[in-house]
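Accompanying notes for the structure given below.
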There are 2 protein chains.
Amino acid sequence: MAKAPTVYDVAERAGVSIASVSRVLRSPDSVKEQTRERVLEAVRHLGYVPSANARGLAARRTNVIGLFFPGHDDVAGSEGQLVAASGGVTTVRDDPTTEPETNNFYFDEVLRGAEIEAWRRGFALMVAAGRGASREAIVNDIAGRVDGLAVLARTVPDELLTHVARRIPVVVLAATRGTDAFDHVSVNNAPGMRAMTEHVLKAGARSLLYIAGPEDSPDDAERLQGFRAALDGNAEVAVELVRGDFSRGRGREIALGIDPLPDAIVCSNDQTALGVLDAMGRRSISVPDDVMVTGFDGIAAGRHSSPRLTTVHQPMVELGRAAIQALTARLDDPSMDARSLVLPVQVVLRESCP
Amino acid sequence: MAKAPTVYDVAERAGVSIASVSRVLRSPDSVKEQTRERVLEAVRHLGYVPSANARGLAARRTNVIGLFFPGHDDVAGSEGQLVAASGGVTTVRDDPTTEPETNNFYFDEVLRGAEIEAWRRGFALMVAAGRGASREAIVNDIAGRVDGLAVLARTVPDELLTHVARRIPVVVLAATRGTDAFDHVSVNNAPGMRAMTEHVLKAGARSLLYIAGPEDSPDDAERLQGFRAALDGNAEVAVELVRGDFSRGRGREIALGIDPLPDAIVCSNDQTALGVLDAMGRRSISVPDDVMVTGFDGIAAGRHSSPRLTTVHQPMVELGRAAIQALTARLDDPSMDARSLVLPVQVVLRESCP
DNA sequence: CATCTCACTGTATGCGCTTACAGTTTGTGA
DNA sequence: TCACAAACTGTAAGCGCATACAGTGAGATG
């Protein structure tokens, strides 16, 4: 890392001007073959890698897209320097009742979709997770680095979003807000839950328990709405509603205390439903014979639970891709009207509610 | 997005020079309070977000760290524009035998660790996944954008790595190569597998089947070495070795054909072991009563399998963090000797081999 | 009241690249 | 052989910011 070579170094060694160097790298066909060879030789010899900063500055675009989502809350441990550790092996016995960390597979998949789509379209992807107070600084920082920004709904205050939107296009994920000027990409929450609920009814359930998520979740609100729509006109069905918090632990806790049992427990997300399955297992209650259970999200764990979880699958990878597509579409045509894209969902029937 | 405001616009509106604007943003204390207020007002009013490109160019550093890992192979479908889709709901019945996509939870977790650590240290994180031929272009591109680059072992040819390493520091993850000049961060593969195998032996196994991974995986080689070390001097133990490919499907396939059954099947990763569990379930063979099964990695799915999987847990989040730490350490002191950091692993005993 | 400090603020330069434009070479037809 | 177009290459002007250095003015000092 003595000193990174620049276009000037390459130009000098190749005996050409810096413009030719730039052309060889950006539009090789516009340069005579012989010149091109000389330049490429110099590039290899010097270990030249062009500075994206300089290029971005000159070209007025960075070719980077940013993705911002709610943070893994600050991890307390592991503050120490891991300098020169030397391995080690310990052994533990893992009790089945220990709570697994709440892995946000959701964002992992969205991220994966965004990553694929961004590079395919020639953009690099920058990721940032918001953590409490630093959120504003992070969003501002990343906004200065990218050509477009995708944010998950509810993670960034509107005021801040409006501020950065004056510089770059912004697309909001997982929300169908109509009151703002941003592009939106979301999934078909209400119809999905409606279809799920209708399946449950068709399977014969006449008493339902709905475990909702936190009140401030727009996704949850839409799902609840879909649930209610399915029940519209089914006066003979008994319905009860409790609020969970989208977590497995809370789902388990709620399900441990349910008495009497309804015919079916409809959960507004998979984690909650998995918690319910845990509880039923512990109470030796058979699913689906004694009670049916459904979830929403389609996380991988639901495929391996016992019994396997019937759920509404969200196309999370597609969500990430769609966000990038929306962003590049707007970059291509900034004057376009704001769009709201709703992705289809899929009811996946497995053993917990066949 | 009419035209993003610049320092000049802010300076003009605040009635100061651009130097003062810059100072307010970089070292607020060096500016008189009254001036600072005026500048901040102008920033808010104009919706000013500083250009990271310009800053990076002037400051000669980008404050971004790059992470490169083997790609999700090119996803064929979903080429179409998702323009103005309008939701929809379909229903499918999910057959338990359908192959779940091979989710690389491994990288997700490494990424998460890197993300946390990078932002904590004031760096943004740029991610890139390598896809076949475009790999070289991507690595070069990202190398021009960042102050340091973390790559997963075996994903980038040495020559390319050496090339970019002339510009920025590089750290290699999940490999303990001694022949190059890069910093390395890896996990304690061999001792971990050795401990796992010793546990299997202590549990009474006298005939073992080892299902290895692909030949070109350095991780796999180290694990196999650990396995052999555990057997050293146990001449009475019968051992057989087959090669898998780290996939669940292949593990299942192998396990369906095993006859006679050994006392234990030791797998070099969790996916393979989960496939083995699938097969045993289908063959109505009891795990661990008829055969014990162990994995390696500690992916979340192993906690929810049936029976739950005994495995060696790698600290994947820590791996990501350690990579960032190694990189920032080298940025602070480029002359430092190359380091090789080995993270500890943990044998996690669950029902598949108690 | 002149001089000196100190705390700020402004001026000017350059970071490494892209690109409009001008200049040069090469090839072509008359 | 000469004029002219086509193909290529060089020149020069920024892109938006950080920062060394040079002011500027107010208060402190003698």
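The chains referred to below are lettered A, B, ... by the order of the sequence lines, with proteins before strands, and numbering in each begins at 1.
Counting non-hydrogen atoms under 4.0 angstrom, A:Val21 reaches nothing in the nucleic acid. Backbone-only engagement by B:Thr6 is indicated by non-hydrogen atom pairs under 4.0 Å involving sugar-phosphate atoms exclusively. The residue B:Ser22 sits close to a base: some heavy atom pair falls under 4.0 Å.
A donor atom on one side chain and an acceptor atom on the other are found under 3.5 Å apart for A:Ser335 and A:Asp333.
Between A:Asn53 atom CG and D:dC15 atom P the separation is 17 Å, expressed in whole Å. If you measure from atom CZ of A:Arg26 to atom P of D:dC8, you get 19 Å, rounded to the nearest angstrom. One interatomic measurement links the two molecules: CD of A:Glu12 to P of D:dG10, which rounds to 14 Å at whole-angstrom precision. Straight-line distance from the CG atom of A:Asp147 to the P atom of D:dC15: 18 Å, rounded to whole Å. Atom pair B:Arg55:CZ and D:dT19:P shows a separation of 10 Å (rounding to whole Å applied). Rounded to whole Å, the distance from CD1 on A:Ile168 to P on D:dG16 is 15 Å. Between the CG atom of B:Leu57 and the P atom of C:dT13 there is a distance of 17 Å, given to the nearest Å. In this entry the distance linking CG of A:Leu25 with P of C:dT18 reads 7 Å, nearest Å.
Once rounded to the nearest 0.5 Å, the distance linking CZ of A:Phe123 with CZ of A:Arg61 reads 4.5 Å. Atom CG of B:Asp183 and atom CE of B:Met336 lie 5.0 Å apart (nearest 0.5 Å).
Of the candidates A:Val64, A:Val127, A:Leu125, A:Val64 is the only one forming a side chain to side chain contact (heavy atoms under 4.5 Å, CB included) with B:Met126.
No donor-acceptor pair closer than 3.5 Å links the side chain of A:Ser27 to the backbone N or O of A:Asp29.
The nucleotide whose nearest atom lies closest to any side-chain atom of A:Ser51 is, among C:dG10, D:dC17, C:dG16, C:dG16. Nearest to the side-chain atoms of A:Val16 among the listed nucleotides D:dA12, D:dC17, D:dG10 stands D:dG10. The B:Val7 side chain lies nearest to D:dG16 when the options are D:dT19, D:dG10, D:dG16. Listed nucleotides: C:dG10, C:dT18, D:dT11. Nearest to the side chain of B:Ser17: C:dG10. Side-chain atoms of B:Arg23 lie closest to C:dT9 of the nucleotides C:dT9, D:dC17, D:dG16. Taking every side-chain heavy atom of A:Ile18 into account, C:dC17 is the closest of D:dG10, D:dC8, C:dC17.
Taking 4.0 angstrom as the limit, B:Ser30 places none of its side-chain polar atoms (N or O) nearer than this to OP1 or OP2 of C:dA7. OP1 or OP2 of C:dT9 sits under 4.0 Å from a side-chain N or O of B:Thr35.
You won't find any donor-acceptor pair under 3.5 Å spanning the side chain of A:Tyr8 and the base of C:dC15, going by distance alone. Remark: the B:Arg60 side chain and the C:dG16 base include no donor-acceptor N/O pair separated by less than 3.5 Å.
Taking the nucleotide of DNA chain C with the nearest heavy atom to each of B:Ala58 and B:Asp29, the more 5' of the two is matched to B:Asp29.
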Exercise. Can A:Arg13 and A:Asp9 be said to form a salt bridge (charged side-chain N to carboxylate O under 4.0 Å, His left out), step by step?
Worked result: CA-CA 6 Å; A:Arg13 175 164 229 272; A:Asp9 302 317; over 6 Å; no
